[in-house]
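Data block below; observations after.
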Amino acid sequence: MKKTIELYDLGKAPYQPTWDLQHEVQQSIISEKRAEQKGEFNGFRKNDTLLFVEHPHVYTLGKSGAEENMLRSMAELLKLDAEFVKIDRGGDITYHGPGQIVGYPILDLDRYFTDIHKYLRFLEEVIIRVCGDYGFEAGRIEGLTGVWIGEEKIAAMGIRCSRWVTMHGFAFNVNTNLSYFQNIVPCGIQDKAVTSLQKLVGNEINMKEVKERIVLHFQDVFDVSLESKGGQQELEKNFL
């Protein structure tokens, strides 16, 4: 029987509260896992989750990133209606904003495989297959995390793992305003550009349709069943 992962679509939500929410869900899963390992948990452990969200303009810098890759001052970011947040995932600086589908899988990898590199390749594979659905051959570039079409990145990846429970995830440029990437050195890579499905296709893409394609391929790649559970209110009710 396939494992069930619960899907929650948070809609449009600011970055910091969503980060806090991710952490609380992750810690809830870890707490039950610890109790089970000690033989102190007699119920059914919660299912893993996948969160979809669309953030307002925000730049996030991973713990291994370089601040000089942020090319604008705080005053300039204020004029752009954008935030700058230092966070606890791996990777360098990236941008999140309207028209971008951000996915946060919060998975106990002990239920699948304990291999971070394999996990990242699986996330990349999901997006590669979605791009294929729209007629574009996406792939990987050796030594660089993420999904690329030619020399342009269409999806960034960055995760954090604690006791093999993941958080953070992927950011897929669908109808993203790519001009916001000009304010940073995306992912700290000087000689590569970014792209979006909208730019490639030439018109605005239906976000709901793209999410449906992500769900389909996530289920196939991870060999799981994704079960839609609602939004933030339902997530908080089930986990917090």
Side-chain angles (χ1 to χ4, degrees), residues 12 15 18-19 52-73 76-77 79-87 89-105 120-159 168-207 209-211 213-214 217:
K12 296 180 180 180
Y15 189 85
T18 306
W19 179 18
F52 280 148
V53 65
E54 188 177 351
H55 291 305
H57 304 296
V58 60
Y59 297 96
T60 63
L61 180 68
K63 57 187 178 182
S64 58
E67 286 196 45
E68 55 264 33
N69 289 327
M70 178 73 252
L71 305 179
R72 299 289 179 265
S73 67
E76 288 174 309
L77 290 183
K79 291 179 181 177
L80 292 168
D81 196 27
E83 291 184 283
F84 175 69
V85 183
K86 294 181 182 179
I87 60 173
R89 61 161 171 78
D92 209 287
I93 195 165
T94 195
Y95 162 76
H96 298 310
Q100 183 187 71
I101 296 175
V102 179
Y104 295 132
L120 285 167
R121 302 296 83 77
F122 271 38
L123 292 181
E124 290 168 349
E125 183 62 26
V126 172
I127 304 302
I128 287 170
R129 294 188 185 189
V130 174
C131 292
D133 290 342
Y134 288 87
F136 300 101
E137 185 178 349
R140 303 174 179 87
I141 293 179
E142 188 174 353
L144 300 176
T145 302
V147 176
W148 305 78
I149 295 181
E151 294 290 304
E152 296 181 318
K153 181 180 274 191
I154 195 166
M157 311 278 166
I159 68 164
H168 300 293
F170 62 84
F172 185 23
N173 297 330
V174 181
N175 298 313
T176 315
N177 182 344
L178 299 178
S179 70
Y180 275 81
F181 284 99
Q182 296 172 10
N183 302 314
I184 59 174
V185 180
C187 301
I189 303 169
Q190 294 275 0
D191 60 344
K192 297 288 190 294
V194 292
T195 192
S196 69
L197 272 183
Q198 182 183 34
K199 179 183 176 183
L200 293 165
V201 173
N203 54 261
E204 189 170 337
I205 308 297
N206 185 301
M207 297 279 279
E209 180 183 86
V210 178
K211 289 177 184 177
R213 306 307 302 175
I214 292 172
H217 294 302

Self-check item: Parallel, tilted or perpendicular, as decided by the 30° and 60° cut-offs, for the rings of His96 and Tyr15
Solution: parallel

Practice problem: Hey, could you give me the CG/NE2 distance between Leu123 and His168, rounded to the nearest 0.5 Å? | Solution: 13.5 Å

Quiz item: So how far is it from Glu54 CD to Thr18 OG1, rounded to the nearest 0.5 Å?
Solution: 11.5 Å

Side chains of [X] and [Y]: does their closest heavy-atom pair fall under 4.5 Å?
X	Y	result
Phe84	Val58	no
Val174	Gln198	no
Met157	Ile127	yes
His55	Val102	yes
Ile87	Leu61	no
Pro56	Lys12	no
Met70	Arg72	yes
Met207	Ile101	yes

Exercise. Count the heavy atoms of every other residue, nucleotide or ligand shown that sit under 6.0 Å from NZ of Lys86, and state whether that count exceeds 12.
Key: no

Quiz item: Just wondering, are more than 12 heavy atoms of other shown residues or ligands nearer than 6.0 Å to CG in Asp81?
Solution: no

For a quick test of reading the model, state the closest non-hydrogen atom pair linking [X] to [Y] and the distance between them.
X	Y	answer
Gly90	Ser64	C-OG, 4.3 Å
Leu144	Lys192	CD1-CE, 4.5 Å
Pro105	Gly169	CD-CA, 3.9 Å
Ile93	Ile184	CD1-CG2, 3.7 Å

Quiz item: Can you find a side-chain donor-acceptor pair between Thr60 and Arg89 that sits under 3.5 Å?
Solution: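 Per modelled atom types, Thr60 and Arg89 side chains form a pair under 3.5 Å.
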
Exercise. Could you go through the side-chain contact (heavy atoms from CB on, under 4.5 Å) check for Val210 and Phe172 one step at a time?
Key: CA-CA 10 Å; Val210 178; Phe172 185 23; 3.6 Å; yes

Practice problem: Answer yes or no: is there an ion pair linking Glu125 with Arg129, defined by an N-O contact shorter than 4.0 Å? | Solution: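 Looking at Glu125 and Arg129, the cut-off is met.
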
Quiz prompt | SB check Glu124 Arg121 (cutoff 4.0 Å) | solution = yes

With distance as the sole test, does [X] use its side chain to make a donor-acceptor pair with the main-chain N or O of [Y] at under 3.5 Å?
X	Y	answer
Ser196	Asn175	no
Glu76	Ser73	yes
Lys153	Thr145	yes
Asp92	Ala66	yes

Practice problem: Verify side-chain contact (heavy atoms from CB on, under 4.5 Å) between Thr195 and Trp148, making sure each step is shown before the conclusion. | Solution: CA-CA 9 Å; Thr195 192; Trp148 305 78; over 6 Å; no

Quiz item: Testing Asn173, Asn177, Thr176 for side-chain hydrogen bond (donor to acceptor under 3.5 Å, both in side chains) with Gln100, which one passes?
Solution: Asn173

Quiz item: Do the ring centers of Tyr95 and Tyr59 come within less than 6.0 Å of each other?
Solution: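 Tyr95 vs Tyr59: aromatic centres under 6.0 Å.
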
Exercise. Check the pair Phe136 / Val201 against side-chain contact (heavy atoms from CB on, under 4.5 Å), numbers first and verdict last.
Key: CA-CA 9 Å; Phe136 300 101; Val201 173; 3.6 Å; yes

Quiz item: Per the side chain to side chain contact (heavy atoms under 4.5 Å, CB included) rule, which among Leu197, Ile128, Leu200 passes with Ile149?
Solution: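 With Ile149 as partner, Leu197, Ile128, Leu200 yield a single side chain to side chain contact (heavy atoms under 4.5 Å, CB included), made by Leu200.
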
